[in-house]
*Asks:* 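Structure provided below as structure tokens; questions to follow.
Counting starts at 1 for both ligands and their atoms, in listed order. All values reported here derive from a predicted model rather than from experimental measurement.
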Amino acid sequence: MANTQWESKLARRLAAISVAGGLANCLLRFYRLDWRPDAFGLYLFAFLVVLSALLIFRGQYKIIVPVMVGNMLLIGLWISTLTPEPRPGPLLVMHTGVVIAAAYYRFWGALSVLAAGTLGLTAIAWFLAPRFQNMPTSLPAGTSLPLHWLSVSFGFTTVSLIISALISYVVNRMEKALQNTQKLLVEATERQTALEEKERLLKLFTELSSDYVYQVSLKKPNLVPQVFAGSFERITGYALDELELKGGWLAIVHPDDRESLQRRMPALLDGESLISEYRIISADGRTVWLRDHVRPIRDEVTGAVAELLGAVHDITERRLAEEQVENLAFYDPLTSLPNRRLLLDRLEQALALSARTGLRGALLFIDLDHFKNLNDTKGHEAGDELLIQQARRLRLCVREGDTVARLGGDEFIIILGELEGDAETAARETTEITQRILHTLSLPVALSYRQLTDYENTCSIGVATFLGHEVTVDELLRRADMAMYQAKADGRNTFRFFDPTMQKILSERLTLEEDLKLALSAGQLELYLQPQVEVDRLTGAEVLLRWQHPEKGMIAPLEFIPAAERTGLIVEIGDWVMRAAVDILQGWAKKSETAHLCLAVNVSARQFRQPDFTHSIGRALELAGVPAGRLKLELTESLALENIGDTVERMQILRSLGVGLSLDDFGTGQSSLSYLKRLPITQLKIDQAFVRDITNDPNDAVLVQTIIGMAKNLKLDIIAEGVETREQRDFLLQHGCSAFQGYLFGKPIPWAEFEATFLKKAS
Ligand code: C2E
Ligand code: CA
Ligand code: CA
């Protein structure tokens, strides 16, 4: 055992003293015997050699002590056989040896051995004393032998006591010291493990509450942190020394976030704790979002901020989720362009920026030409593909900072901000960009969906410029919209700048829309009827609306029907017309002379698409007890082709009721014969534009002839509208069209007047 080393040391010191003493004794004995050593002397010498060997080889106390004690016993016995006179010396030597041996192990044990030995020796002296009474003795006169033995044994006892006490004391002290050391050692290890445990927990806690914690000394350049716990390397991809080589912390911060991060430095140096969210570019090129909570620590002596302590979170996932949500709310999923909401926001910002900088901007309203055609004829997938490709092209036409947004459908908006120079220069720059857009968008597009390799599509653009907050966002959009309509009206594939005359039209349009809202309830709408004839016999009339405006007088339907369609009022108005028409038919049905007359009612697309349109007509006719064949609906080609599947379905329902269906303004649309064939219509109505020139334009004459021939082939009725002259009527009649409507037979007049004029005649 390691802690028995001191015992061996003690044993070796005692042995060394014995060797020294023994050697002196030995040499003295040899000298007295004239260097002719006797057996005892030789033994003594041999013993000293053995002891020295033990010393030299650093013998353990377990060997040294028994050897020394054994030697004492041996010498004690030997001497006692050599002397003629019983002397206590040898016995006492043995006695001392035993005491030392005992003391080595236990103090009280040593004392009892000592006491027993002393008493034993004295008893022996008592017993032997009478036998040696007469022997010559070297004892001083008057000293009896037992007394002498007692005094000698007391002397030895005292020496042994002192020795054993000494040894015991030393042993105890050493034991105590050892115990103390051991205790201290245990305590220290306990403290160490407790510390280590605390550190481990701290590390776990920091990892739980953040991804890593760090300390940055402001004395060192580059802000390379010292990281205490966490996954610095996993997040950044850099080891700290690599980061140092890279040029420090700011070197890996995302370039867009560097400035804002540096701007916060002064606050930190003021001792303010900050939480910042910013991006870094990790070693493998990923963008990582971090949330960094920094606390400045002041130097105790100078009081200045000397280091920063921070806890960092990787919030990339949260940020991505946020971005996704934002995308859903602010971006058009098809083209990934900003949607209307974000556009309005950006437009607000653009106006504010313009107000601040005094620089002009422009709003471009872009509408793809004939987009509906593609959508209707090639399907929505093809339409979507075109939108995506044109959106991509639009982005390429403008500068990085300009906003390109999708307003909905085939409408796009571009905001051009910060145009330098005066109004004219700004307009010139805008024109350049606009022309570039017109050109780029008109290049052929490959639509993989329908394998259309060179689909050609153009667009019309309306431009409105702005400076500061001159106009509101709404107004600006309306202006650009208006200019776009002008571009469409001027033949498409072109652009128009908004100008003040447009503004006038625009505001008039707005007031008209406002007024129209009241027109129906105020009873300002009136039904006019225009006769329809077969050769020269009255067959019925077309219902035409009139608006008696309180200030502006009579307003023609061409002016207010589009407004009603834009605002959606057409549904309500159309309903009213339909009910009025059924009322009239009901009145006619009661009299035999009018019971055969039909009414043709114009129907707008929006009205036709109402979910209950067919149903409500059927019910109205039934309630009124009017035969359905007396009602004829006039539908336009564009309405019919808008959504041909739904149209055909509705038309079939109406047909099954018995309601007549007339295709109005026929010849002005671009419908193909194949589409026409799919529509379950009963009548074609030749547009008045063809009728007008029928007698002096051979082209129109041929066209009308063709239409008549086509109607015959498809077994459809045919009627011509806008017949104003006898020549026109005769021409039509000659070529097989015998139904007419036009000023020649009568202008549209209020129904009461119509009844008074025509029905009297008829009766
Ligand atoms: P439309 O359906 O093509 O109506 C025929 C138009 O031609 C009427 O104009 C009529 O007054 C005019 N007209 C008739 N005969 C002649 C003629 O011999 N010479 C000339 N130059 N014109 C003639 P109006 O009444 O101004 O109606 C214009 C358009 O307004 C109509 O065109 C129709 O599309 C729409 N409309 C009228 N009433 C309604 C209605 O109740 N509902 C809907 N949705 N649209 C209506
Ligand atoms: Ca009509
Ligand atoms: Ca017409």
Side-chain angles (χ1 to χ4, degrees), residues 512 516 519-520 524-533 540-549 553-585 598-610 613 617 631-640 642 660-669 681-695 700 717-729 731-732 737 739-751 753-754:
L512 190 80
L516 190 60
L520 192 60
Q524 295 166 3
L525 296 184
E526 246 182 89
L527 287 191
Y528 274 46
L529 299 185
Q530 184 180 27
Q532 291 186 338
V533 301
E542 177 176 4
V543 180
L544 293 161
L545 256 183
R546 294 292 178 268
W547 179 10
Q548 202 63 50
H549 194 280
M554 177 80 79
I555 299 180
L558 282 180
E559 230 178 291
F560 72 85
I561 293 291
E565 283 172 341
R566 269 199 308 276
T567 54
L569 281 169
I570 192 67
V571 175
E572 214 182 313
I573 293 174
D575 251 18
W576 178 77
V577 173
M578 194 65 75
R579 264 182 283 123
V582 172
D583 277 352
I584 294 172
L585 283 173
C598 296
L599 272 186
V601 177
N602 294 289
V603 175
S604 285
R606 201 137 168 194
Q607 188 186 354
F608 185 73
R609 301 279 172 225
Q610 288 298 302
F613 179 72
I617 286 185
L631 180 68
K632 193 161 63 185
L633 304 184
E634 292 198 2
L635 309 168
T636 58
E637 278 175 83
S638 61
L639 173 152
E642 201 171 83
L661 298 173
S662 179
L663 206 55
D664 205 353
D665 304 339
F666 189 74
T668 53
I681 47 172
T682 53
Q683 186 182 57
L684 287 186
K685 194 170 188 181
I686 305 173
D687 191 68
Q688 48 184 296
F690 303 115
V691 176
R692 196 180 303 131
D693 296 322
I694 206 173
T695 48
D700 281 354
D717 293 340
I718 183 129
I719 185 169
E721 71 177 338
V723 181
E724 294 182 351
T725 64
R726 288 219 147 266
E727 292 77 45
Q728 290 165 343
R729 185 200 90 118
F731 179 92
L732 289 161
C737 171
F740 313 111
Q741 179 184 347
Y743 292 171
L744 182 64
F745 310 94
K747 291 194 171 185
I749 46 174
W751 80 232
E753 205 179 308
F754 180 89

*Asks:* What part of Arg692, side chain, backbone, both or neither, has a heavy atom within less than 4.0 angstrom of ligand 1?
*Replies:* neither
*Asks:* Any atoms of ligand 1 less than 4.0 Å from a non-hydrogen atom of Glu724? List them with their elements.
*Replies:* 17 (C), 18 (O), 19 (N), 20 (C), 21 (N)
*Asks:* Ignoring angles and geometry beyond distance, decide whether Leu545 reaches within less than 3.5 Å of ligand 1 through its nitrogen or oxygen atoms.
*Replies:* yes
*Asks:* Considering Met578, Arg606, Glu634, Glu721 one by one, which has a heavy atom nearer to atom 5 (C) of ligand 1 than any of the others?
*Replies:* Glu721
*Asks:* Under a 4.0 Å N-O cut-off, is there an ion pair linking Glu721 with Lys685?
*Replies:* yes
*Asks:* Decide whether Glu542 and Gln532 meet the rule of one side-chain donor and one side-chain acceptor closer than 3.5 Å.
*Replies:* no
*Asks:* Please say whether Ser604 places an N or O atom under 3.5 Å from an N or O atom belonging to ligand 1.
*Replies:* yes
*Asks:* Could you check if a side-chain atom of Trp547 sits within less than 4.5 angstrom of a side-chain atom of Met554, using non-hydrogen atoms only?
*Replies:* no
*Asks:* Considering only heavy atoms from C-beta outward, does the side chain of Asn602 approach that of Thr636 to under 4.5 Å?
*Replies:* no
*Asks:* Measure the distances from the heavy atoms of Lys747 to every atom of ligand 1 and state whether one is below 4.0 angstrom.
*Replies:* no
*Asks:* Suppose we screen for side-chain contact (heavy atoms from CB on, under 4.5 Å). Which residues come up paired with Ala689, at least two apart in sequence or across chains?
*Replies:* Asp687
*Asks:* Is Glu542 in contact with ligand 1, taking contact as a heavy-atom separation below 4.0 Å?
*Replies:* yes
*Asks:* Scan side-chain atoms only and decide if Lys632 and Gln683 contain a donor-acceptor pair under the 3.5 Å cut-off.
*Replies:* yes
*Asks:* Could you go through residues 566-577 and list every donor-acceptor pair under 3.5 Å that involves a side-chain atom there, pairing it with any protein atom two or more places apart or in another chain?
*Replies:*
| from | atom 1 | to | atom 2 | distance (Å) |
| --- | --- | --- | --- | --- |
| Arg566 | NE | Glu513 | OE2 | 2.8 |
| Arg566 | NH2 | Glu513 | OE2 | 3.0 |
| Thr567 | OG1 | Ala563 | O | 2.9 |
| Thr567 | OG1 | Ala564 | O | 3.3 |
| Thr567 | OG1 | Leu569 | N | 3.4 |

*Asks:* Do any heavy atoms of Gly722 fall under 4.0 Å from ligand 1?
*Replies:* yes
*Asks:* Which atoms of ligand 1 sit under 4.0 Å from any heavy atom of Pro557?
*Replies:* 24 (P), 25 (O), 26 (O), 27 (O), 28 (C), 30 (O), 37 (C)
*Asks:* To the nearest 10 degrees, calculate the angle at the Ca ion (ligand 2) involving OD1 of Asn602 and OE1 of Glu634.
*Replies:* 90°
*Asks:* Which one of Asn602, Leu525, Val577 has a non-hydrogen atom at the shortest distance from atom 2 (O) of ligand 1?
*Replies:* Asn602
*Asks:* Return a yes/no value for Gln741: is any of its N or O atoms, backbone included, closer than 3.5 angstrom to an N or O of ligand 1?
*Replies:* no
*Asks:* I'd like to know if Ala556 contacts ligand 1, where contact means a heavy-atom distance under 4.0 Å to any ligand atom.
*Replies:* no
*Asks:* Numbering the atoms of ligand 1 from 1, which are under 4.0 Å from a heavy atom of Gly742?
*Replies:* 15 (N), 18 (O)
*Asks:* Restricting to N, O or S atoms, which atom of Asp664 is closest to the Ca ion (ligand 2)?
*Replies:* OD2
*Asks:* Is the Ca ion (ligand 2) under 3.0 Å from any N, O or S atom of Glu542?
*Replies:* yes
*Asks:* Give the numbers and elements of all ligand 1 atoms closer than 4.0 Å to a heavy atom of Asp665.
*Replies:* 3 (O)
*Asks:* Can you find a side-chain donor-acceptor pair between Thr695 and Glu727 that sits under 3.5 Å?
*Replies:* no
